[in-house]
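Notes follow the structure.
Values below: all heavy atoms of this structure, side chains included; hydrogens, waters and symmetry mates excluded. Whatever order the structure lists them in is the order used to number ligands and atoms, beginning at 1.
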Amino acid sequence: MSWKSRLEQLRQERVEQRLWRNRVAIASPQGRFVTVAGQSLLNFCSNDYLGLANHPELAKAGTTAINQWGSGSGASHLVCGHHELHEELETKLASFVGAEKALVFSTGYMANLALPQTFLGRHGLLLEDKLNHASLLDAGQLVTAKMKRYPHLDVRSAERMLAESEAPQKMVTTDGVFSMDGDLAPVVELREICNRHDALLVVDEAHGLGVVGEHGGGVCQQSGISITDNVLLMGTLGKSAGSFGAFVAGDQFLIDSLVQFARPYIYTTALPPAVVGTSLAAVEVMKTEPWRRKKLQSNIQHFCALAESHGLSPNNSAIPIQPIMVGSADNAIRISDELKSKGIWVVAIRPPTVPAGSARLRVTLTSEHEHEDIERLIECMAGLLIGSHSQEVIL
Ligand SMILES: *Cc1c(COP(=O)(O)O)cnc(C)c1O
């Protein structure tokens with residue numbers, strides 16, 4: 001089949017399954033309300049958990065950095081694109097998560113690609129939670145090491161796989177907070193089995209950073225796990241930090257190895273000064289405005305209590321990701337469309353992003369929401385779910 005016929009066939013399949021995706025362009029900054037095609041929508045989709053994506057301090061820091069250092073970094077880190085500003089950010093990030101060192105990457109996707117290829121040889125073993133983020137799973141495709149997926153959160157299966165393997169190097173990677181379900185990885189137990197089997201543990205804190213842990217350090221901080229020895233943390237700066245980019249934090253020896261061997265670090269242009277300056281301000285604001293984390297927690301609690309009283313089953317965790325299961329992709333899209341006509345934006349998540357039959361409305365809460373916003377959302381959602389027959393699908 002030619003490349004073109006293949007694409008035509010794939011396209012037709014997607015359209016028939018009603019899974020063809022369309023992008024929605026927003027005409028405003030990120031925030032509690034966003035403008036789409038002239039309509040103002042109450043926004044329950046963003047990962048901007050702390051409302052920093054349009055924070056004046058961040059915007060100012062980005063502008064100052066561009067005025068002082070110019071628009072481009074000029075080269076990759078090992079040529080001449082590594083600025084003092086990058087080092088300053090690395091120092092701040094390491095201290096924020098309590099690690100010896102941190103290394104800034106252009107994106108979280110690239111940081112995740114870098115890990116197995118740096119730490120595993122050709123006969124190594126990479127274990128992944130079945131519901132890990134696509135970037136962690138894709139990382140396994142780039143190495144000759146063997147990748148195996150264990151059932152979601154199943155530490156026993158993971159340990160069995162480690163025990164049965166004769167691979168010379170072993171590594172376990174997991175989302176800290178799972179991006180589609182909002183549940184938490186059992187990091188304490190994972191650390192134990194990694195210790196027992198001389199494996200490296202990588203925790204992807206894309207959704208935990210800034211949100212969970214006493215100082216917003218993530219799931220590891222919340223569980224009392226220090227980022228040292230055989231534990232690495234990957235954090236992103238495009239979600240709760242309201243900026244862009246990512247970092248890996250851990251002991252100096254591991255970070256040094258990434259600088260030497262991680263191709264997604266070496267063969268790409270260093271982040272531009274505006275982004276680095278913005279991220280520096282983001283870390284500062286996360287430290288100096290802890291009220292944002294507290295307000296987010298209060299919003300999550302309000303959502304969970306209200307959802308429960310309306311017969312929707314919330315996650316009941318302290319996590320801003322709250323999936324409301326609706327079964328079929330059609331149902332998810334229909335409810336999402338109806339919410340939109342009422343001025344509320346909740347994205348429908350459907351296969352292949354999540355397994356077939358587990359389409360959902362993925363509500364994300366931020367510190368920008370007011371309790372009345374949440375009340376409006378729940379009332380509309382409960383009305384639509386009960387009005388349709390989707391309750392049966394849930395049960
Ligand atoms: C968003 C996300 C990433 C990718 O980070 P980017 O900086 O957006 O490339 C990695 N892991 C998880 C769990 C994510 O949710």
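Near His207, meaning under 4.0 Å from any of its heavy atoms, are these atoms of ligand 1: 14 (C), 15 (O). Which parts of ligand 1 touch Thr236 is read off a 4.0 Å heavy-atom cut-off, strictly below it: atoms 5 (O), 7 (O). Interface atoms of ligand 1 facing Ser135, defined by a heavy-atom separation under 4.0 Å, are 10 (C), 11 (N).
Ranking the protein heavy atoms by distance from atom 9 (O) of ligand 1 puts Tyr109 N, 3.0 Å first. If you check which protein heavy atom lies closest to atom 6 (P) of ligand 1, you get Gly108 N, 3.3 Å. At the shortest separation from atom 11 (N) of ligand 1 among protein heavy atoms lies Asp204 OD2, 2.6 Å. The single protein non-hydrogen atom nearest to atom 14 (C) of ligand 1 is Lys239 NZ, 2.8 Å, given as residue, atom name and distance.
The salt bridge (charged side-chain N to carboxylate O under 4.0 Å, His left out) test with Glu289 singles out one residue from Arg292, Arg293, Lys287, and that residue is Arg292.
In the model, Asp183 has no side-chain atom that pairs as donor or acceptor with a side-chain atom of Asn315 under 3.5 Å.
The side chain of Asn112, and not its backbone, has at least one atom closer than 4.0 Å to an atom of ligand 1 (non-hydrogen atoms only; side chain from C-beta on).
Side chain of Glu166 to backbone of Ala163: no donor-acceptor contact under 3.5 angstrom is found. In this structure a side-chain-to-backbone donor-acceptor pair under 3.5 Å is missing from His302 to Ser298.
The shortest N or O to N or O distance between Ala206 and ligand 1 is not under 3.5 Å.
Aromatic ring centres of Phe105 and Phe247 lie farther apart than the 6.0 Å criterion allows. Two rings, from His152 and Phe178, have their centers less than 6.0 Å apart.
The aromatic rings of His77 and His86 sit perpendicular to each other, their planes meeting at more than 60°, with 30° as the lower class boundary.
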